[in-house]
Enquirer: 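Pasting a structure below so you can have a look.
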Amino acid sequence: MSDTESYIYRFSWDKEDLKEYYWKEHYVKQPEVLAYLEHVVDRHDLRKHMQFNTELMNASFDESQDVWRTETSTGDVFTSRYLITALGLLSKQNWPDIKGINTFKGELYHTGNWPKQHDFTNKRVGVIGSGSTGVQVITALAKEVKELVCFQRNPQYSVPSGDGPVSQEYRDWVNANYDEIWDGVRNSMVAFGFKESEIPAMSVPEEERQRIFQENWDKGNGFRFMFGTFNDITIDEQANEAACNFIKSKIAETVKDPEKSRKLMPTEPYARRPLCDAGYYEKFNQDNVHIVALKETPIVEVTPKGVKTSDGAEHELDVIVFATGFDAVDGNYTRLRIHGRRGESLKDHWESGPTSYLGMCIPNFPNMFMITGPNGPFTNIPPTIETQVEFVASIIRHGEGKAVIETTQEAEDAWVALCRELCEGTIFHKAPSWIFGANIPGKKYSVLFYFGGLQKYRERLTEVVKNHYEGFRIDYPTQESRL
Ligand code: NAP
């Protein structure tokens, strides 16, 4: 399930379709996202431009002709002036290296590769992980399985999602206000469509602060709770603690078993990607839903029968679900062979952690543009994708589709320094999450996002264009190559 309101979890450029395409609930679920994308492809007759079942194996920039040569798993070699990569922020699955994983005799799944069909009725299911995915999966599976054992490392802060059917009046309101809605999205920090707060948490009396927290809790959505309540939850420790205490009081109130409640109680600041759920904490009031606190009793090994923890317990299971997330942002790049000028590999360029200029370009990799590359904005993703696609299209058009366009090392260094500086001003770096590559053992800790928000990001892109594509070296086509 996406936790962005359905009416902005889509493309903004087909107004007629925006108004007509059916969506029934506040949030779209995976089959609906897929159906929507297929619908857009059909509606705009895009399938003829696509080649499926084709994996990019390697890509190299040929300096003698200023072209990219790209080889795929089908044996094709493509030659192109430009290479645009859209490999996905969160798609390379993270399978933790747990002893004995391959000895398990039951069913084993990763949430990033969920089976089209499954039947867990009467089965004992273990879920490892409690991030956005784990929380959703646990909430959904609790209804259908015989026993559910949740293996949780760091307890999370989750708020109600507020999902549910939308009325015709709601839909009419959205349709009548689409222009203003998109304007609000593009001129906001996290691009989730709600009004972001402009007041600091400590600027109001305690009673009012609790009222605002409660109001946003009732409306639902993690990003709304983090950015719609007060404007300093992610930057001020006192404000952050107030939000933590509010959510902790809800956990204590909801989870009746004191031992389960203790294990579910977060200990970190509220500083990861905010979560929301459809009754996660309530599910632990079911006798068949258990919680294992891995910080107290870590997993020792997976056995043929289940999962063994350090207290000697062997949790016998029929199914293990890994909701352990992704090698995020650069994970899909570093497993490929991408070579720029003088054969420099992307892996080498990112030796000290992934970097870019504006989240899209890398020095020594001319004419390569990444959509949602490292150091891009931390937002609802579709509006950021559109922003980057518009920029890439504009710069290619500016070079008449023939120029050699390359960012400079200075521009990349300055952008990376800005990303670090913005991040240091937040509380996000106090939790070791995928946002910093900290979820993958051995991966270098780095600031993978620009925390300035979508509005500031778009303003920066406008300035770059105004300043004659500042930060880029553009080798314009000659008269001869124009012909
Ligand atoms: P995630 O946030 O990285 O969470 C992974 C979970 O697995 C964490 O609880 C982590 O524990 C645990 N884990 C990882 N390795 C482990 C190990 N070796 N042993 C035990 N536990 C381990 O991944 P995700 O939940 O798939 O979400 C990734 C991102 O996808 C989200 O942050 C979000 O941006 C996006 N997403 C969005 C939605 C949505 O509602 N829109 C839904 C799903 C995903 P620690 O916390 O201790 O590291």
Side-chain angles (χ1 to χ4, degrees), residues 1-6 8-9 25-30 32-33 88-99 101 109-114 126-140 149-163 190-192 220-224 226 263-264 266-268 270-278 280 291-302 307 309-310 320-329 331 372 376-382 384 428 431-443 448-449:
M1 182 192 81
S2 152
D3 58 3
T4 306
E5 284 283 342
S6 303
I8 51 168
Y9 203 66
E25 285 164 343
H26 283 286
Y27 304 124
V28 274
K29 317 301 175 304
Q30 183 272 342
E32 292 164 291
V33 178
L89 274 179
L90 293 156
S91 62
K92 185 184 174 193
Q93 295 159 29
N94 170 34
W95 283 90
D97 186 15
I98 301 175
K99 189 178 151 203
I101 250 180
Y109 300 104
H110 191 288
T111 48
N113 188 19
W114 195 241
V127 177
I128 303 180
S130 41
S132 301
T133 311
V135 161
Q136 280 188 22
V137 164
I138 288 167
T139 309
V149 187
C150 310
F151 297 91
Q152 164 206 264
R153 203 162 55 181
N154 283 290
Q156 292 294 296
Y157 296 92
S158 187
V159 309
S161 67
D163 194 18
V190 292
F192 268 73
N221 192 287
F223 274 88
R224 185 199 296 279
M226 197 178 244
K263 289 180 178 168
L264 287 162
T267 51
E268 293 175 336
Y270 186 33
R272 295 179 184 235
R273 194 264 191 215
L275 315 187
C276 62
D277 66 83
Y280 173 65
I291 179 95
V292 178
L294 295 181
K295 287 216 147 163
E296 295 168 12
T297 55
I299 295 174
V300 177
E301 62 177 326
V302 174
V307 172
T309 42
S310 66
I320 305 178
V321 174
F322 281 81
T324 44
F326 304 90
D327 180 356
V329 185
T372 67
F378 184 72
T379 64
N380 168 34
I381 289 295
T384 285
F428 279 109
S433 71
W434 64 265
I435 297 173
F436 303 98
N439 61 329
I440 304 294
K443 185 165 170 170
L448 293 173
F449 287 94

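Because only heavy atoms are used, hydrogens play no part in the values below, and waters and symmetry mates are left out as well, while side chains stay in. Ligands are counted one by one from 1 in listed order, and the atoms in each one are counted from 1 as well.
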Enquirer: If you measure from CD on Glu25 to OG on Ser2, what distance do you get to the nearest 0.5 Å?
Expert: 12.0 Å
Enquirer: Any chance you could measure Asp163, atom CG, to Ser6, atom OG, to the nearest 0.5 Å?
Expert: 7.5 Å
Enquirer: Can you tell me how far the CD atom of Gln156 sits from the CG atom of Leu264, to the nearest 0.5 Å?
Expert: 11.0 Å
Enquirer: For the residue pair Phe223 and Thr4, establish whether any side-chain heavy-atom pair is separated by less than 4.5 Å.
Expert: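 No, their side chains stay 4.5 Å or more apart.
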Enquirer: What residue and heavy atom of the protein are closest to atom 2 (O) of ligand 1, and at what distance?
Expert: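 Among all protein heavy atoms, the one nearest atom 2 (O) of ligand 1 is Trp434 CD1, 3.6 Å.
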Enquirer: Within ligand 1, which atoms have a heavy atom of Arg272 less than 4.0 Å away?
Expert: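 Per the distance check, 45 (P), 46 (O), 48 (O).
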Enquirer: Around atom 47 (O) of ligand 1, find the nearest protein heavy atom and jot down its residue, atom name and distance.
Expert: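 Sorting protein heavy atoms by distance from atom 47 (O) of ligand 1 puts Asn154 ND2, 2.7 Å first.
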Enquirer: With a 6.0 Å cut-off on ring centres, are Phe428 and Phe449 close enough?
Expert: no
Enquirer: If the cut-off is 4.0 Å to any non-hydrogen atom of Gln136, which atoms of ligand 1 fall inside it?
Expert: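 Near Gln136, meaning under 4.0 Å from one of its heavy atoms, ligand 1 has 39 (C), 40 (O), 42 (C).
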Enquirer: Counting non-hydrogen protein atoms only, what is the nearest one to atom 12 (C) of ligand 1? Give residue, atom name and distance.
Expert: Gly129 CA, 3.6 Å
Enquirer: Under 4.0 Å from a heavy atom of Ile128: give me the atoms of ligand 1 that qualify, with their elements.
Expert: 20 (C), 21 (N)
Enquirer: Is the shortest heavy-atom distance from the side chain of Phe192 to the side chain of Arg224 under 4.5 Å?
Expert: no
Enquirer: Under a 3.5 Å threshold, yes or no: a donor from one side chain and an acceptor from the other, between Asp277 and Thr139?
Expert: no
Enquirer: Does either side chain, that of Thr384 or that of Thr379, offer a donor lying less than 3.5 Å from an acceptor on the other one?
Expert: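 Indeed, the side chains of Thr384 and Thr379 share at least one donor-acceptor pair under 3.5 Å.
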Enquirer: Number the atoms of ligand 1 from 1 as they appear, then name those within less than 4.0 Å of a heavy atom of Ser130, with their elements.
Expert: 6 (C), 8 (C), 9 (O)
Enquirer: Indicate the atoms forming the closest heavy-atom contact of Pro432 with Arg272, along with that distance.
Expert: CD-NH2, 3.7 Å
Enquirer: For atom 34 (O) of ligand 1, which protein heavy atom lies nearest, and how many Å away is it?
Expert: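 Answer, as residue, atom name and distance: Arg273 NE, 3.0 Å.
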Enquirer: Backbone or side chain, does any N or O of Thr111 fall under 3.5 Å from an N or O of ligand 1?
Expert: no
Enquirer: At under 4.0 Å between heavy atoms, which part of Phe151 makes contact with ligand 1: side chain, backbone, both or neither?
Expert: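 Neither; nothing of Phe151 gets under 4.0 Å from ligand 1.
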Enquirer: So which protein heavy atom does atom 15 (N) of ligand 1 come closest to, and at what separation?
Expert: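 Nearest protein contact, heavy atoms only, for atom 15 (N) of ligand 1 is Arg153 NH2, 3.6 Å.
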Enquirer: How long is the straight-line distance from CE of Met1 back to CD of Glu32, given to the nearest 0.5 Å?
Expert: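 Rounded to the nearest 0.5 Å, the CD-CE separation comes out at 11.0 Å.
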Enquirer: Indicate yes or no: at least one non-hydrogen side-chain atom of Ile128 is less than 4.5 angstrom from one of Ile299.
Expert: yes
Enquirer: Taking the ring centre of each residue, are Trp95 and Phe322 less than 6.0 Å apart?
Expert: yes
Enquirer: Among all the protein's non-hydrogen atoms, which is closest to atom 39 (C) of ligand 1, and how far away is it?
Expert: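 Checked against all protein heavy atoms, atom 39 (C) of ligand 1 sits closest to Met1 O, 3.1 Å.
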Enquirer: Tell me whether ligand 1 is touched by Gln152 - counting only heavy atoms on the residue side and a distance under 4.0 Å.
Expert: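 No.
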Enquirer: At what distance is the nearest protein heavy atom to atom 35 (C) of ligand 1, and which residue and atom is it?
Expert: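 The protein heavy atom lying closest is Leu90 CD1, 3.7 Å.
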Enquirer: Distance under 4.0 Å to a non-hydrogen atom of Ala323: what atoms of ligand 1 satisfy this?
Expert: 5 (C), 6 (C), 7 (O)
Enquirer: Just to be sure I'm reading this right: ignoring hydrogens, which of Pro441, Ser132, Gly325 gets closest to atom 31 (C) of ligand 1? Compare them by their nearest heavy atoms.
Expert: Ser132
Enquirer: Around atom 27 (O) of ligand 1, find the nearest protein heavy atom and jot down its residue, atom name and distance.
Expert: Thr133 OG1, 3.7 Å
Enquirer: Test your reading of the structure: does Ser2 have an N or O sitting under 3.5 Å from an N or O of ligand 1?
Expert: no
Enquirer: Quick one: which ligand 1 atoms are inside 4.0 Å of a heavy atom on Leu294?
Expert: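 Near Leu294, meaning under 4.0 Å from one of its heavy atoms, ligand 1 has 20 (C).
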